[in-house]
Amino acid sequence: TSPQFDCNGRILRLDRPRVMGIVNITPDSFSDGGAHFDAEAAIAHGLRLAQEGADILDVGGESTRPGSQEVPVEEELRRVVPVIEGLARNTALPISIDTSKPEVMRAAIKAGAGMLNDVYGLRREGALDAAAELGMPVVLMHMLGEPRAMQEAPEYDDVVGEVHRFLAERIFAAEMAGVARKNIIADPGFGFGKTVAHNLQLLAQLRRFTELGVPVLAGLSRKKTIGELTGRDEPRQRVHGSVAAHLIAAQNGATIVRAHDVAATVDALKVWAAVAAVAPPRKDA
Ligand SMILES: Nc1nc2[nH]c(SCCc3ccc(S(N)(=O)=O)cc3)nc2c(=O)[nH]1
């Protein structure tokens, strides 16, 4: 019996590796350079990812890439609520909200989202209580420091051990706050305060994180590590490298991968699942 998540009435089954499609809300190109965001374009993109075979859609209103600045809560709400409402109305897929702010978590669930995806691991003021009260599945991710400075000179004695310990502590904190363990997903946070070498170690040893006893999510799509390994400077040129990395993540125990290029990733994981179905049981199973 494989785990499944009830995401506000929409079910995400983890009987095989699943694809979380990325729906970023970007400034619209016709705006007067002001902070207008194109909800219609984001909704259309999400529906396209659903067509491509996404199992869940991840909506984010604040960039957390290295060097990014925080977005005020009112602005983040203005961006994500219309997109979540539009997606919830037009697709039956579960929707996750990529936010660290408790107010945004609450509004997103009210608007129809069914999973919290917090790159800050519920460490913001009020986030643990919000997650516990909302009772939805939640992704707890590791980040070293803050997006603004996390990539300056990340250092670890033992990156896998330290990320593992952080995730164990956040899972404990979440359970103590009232989050049901069956609702927790762990994520090592590729690219969030890690060098290429750190990311490679985390991917090579990803199975260590399944020892936490919760499903593991991996998000490597179009990230700098893929670019450096393949020499592809443009994120759009990193599809093949990203698919390879997510295939390895599935082989190493990930049951959700977070991707931009959904169709390519879905096809790769179909091949993976067919082979996994006939493979002899794992020795460490
Ligand atoms: N659970 C989960 N949620 C996520 N949300 C994001 S947004 C990506 C921000 C970013 C962009 C680019 C680089 S870089 N410098 O490595 O290319 C790092 C971080 N990612 C993840 C992830 O992994 N998991």
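Both counts, for ligands and for their atoms, begin at 1 and track the order of listing. We count residues from 1, following the sequence as given. If you're wondering where the values come from, they're calculated on a predicted model, not measured in any experiment.
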Sub-4.0 Å heavy-atom approach of Arg258 to ligand 1:
yes
Are there over 12 heavy-atom neighbours, none belonging to Glu234, within less than 6.0 Å of that residue's CD?
yes
Of the non-hydrogen atoms in [X] and [Y], which two are nearest, and what is the gap between them?
{"X": "Pro188", "Y": "Val216", "result": "CD-CG1, 4.5 Å"}
{"X": "Gln151", "Y": "Gly191", "result": "OE1-O, 3.1 Å"}
{"X": "Phe209", "Y": "Leu167", "result": "CD2-CD1, 3.8 Å"}

Of the protein's non-hydrogen atoms, which lies at the shortest distance from [atom], and what is that distance?
{"atom": "atom 7 (S) of ligand 1", "value": "Thr64 OG1, 3.6 Å"}
{"atom": "atom 16 (O) of ligand 1", "value": "Gly191 CA, 3.5 Å"}
{"atom": "atom 10 (C) of ligand 1", "value": "Arg65 CA, 3.7 Å"}

Just jot down the ligand 1 atoms closer than 4.0 angstrom to any heavy atom of [X], in number order.
{"X": "Asn117", "answer": "1 (N), 2 (C), 3 (N)"}
{"X": "Asp187", "answer": "1 (N), 2 (C), 22 (C), 24 (N)"}
{"X": "Val139", "answer": "1 (N)"}
{"X": "Val119", "answer": "3 (N), 4 (C), 5 (N)"}

Presence of salt bridge, Glu76 and Arg79, under 4.0 angstrom
no
Contact check: Pro66 vs ligand 1, nitrogen or oxygen atoms, below 3.5 angstrom
no
For Lys224 and ligand 1, does the shortest N/O to N/O distance drop below 3.5 Å?
yes
Looking at Arg10 and Ala88, would you say the former's side chain and the latter's main chain have a donor-acceptor pair under 3.5 Å?
yes
Given Glu175, which partner from the list Lys182, Arg181, Arg170 fulfils the salt bridge (Lys or Arg N to Asp or Glu O under 4.0 Å) test?
Arg181
Checking side chain to side chain donor-acceptor pair (under 3.5 Å) between Thr225 and each of Thr195, Asn199, Thr230, which is the one that passes?
Asn199
Relative to atom 23 (O) of ligand 1, which among Met141, His142, Glu228, Lys223 owns the nearest non-hydrogen atom?
Lys223
With heavy atoms and a 4.0 Å threshold, my read on which part of Asp98 contacts ligand 1 is side chain
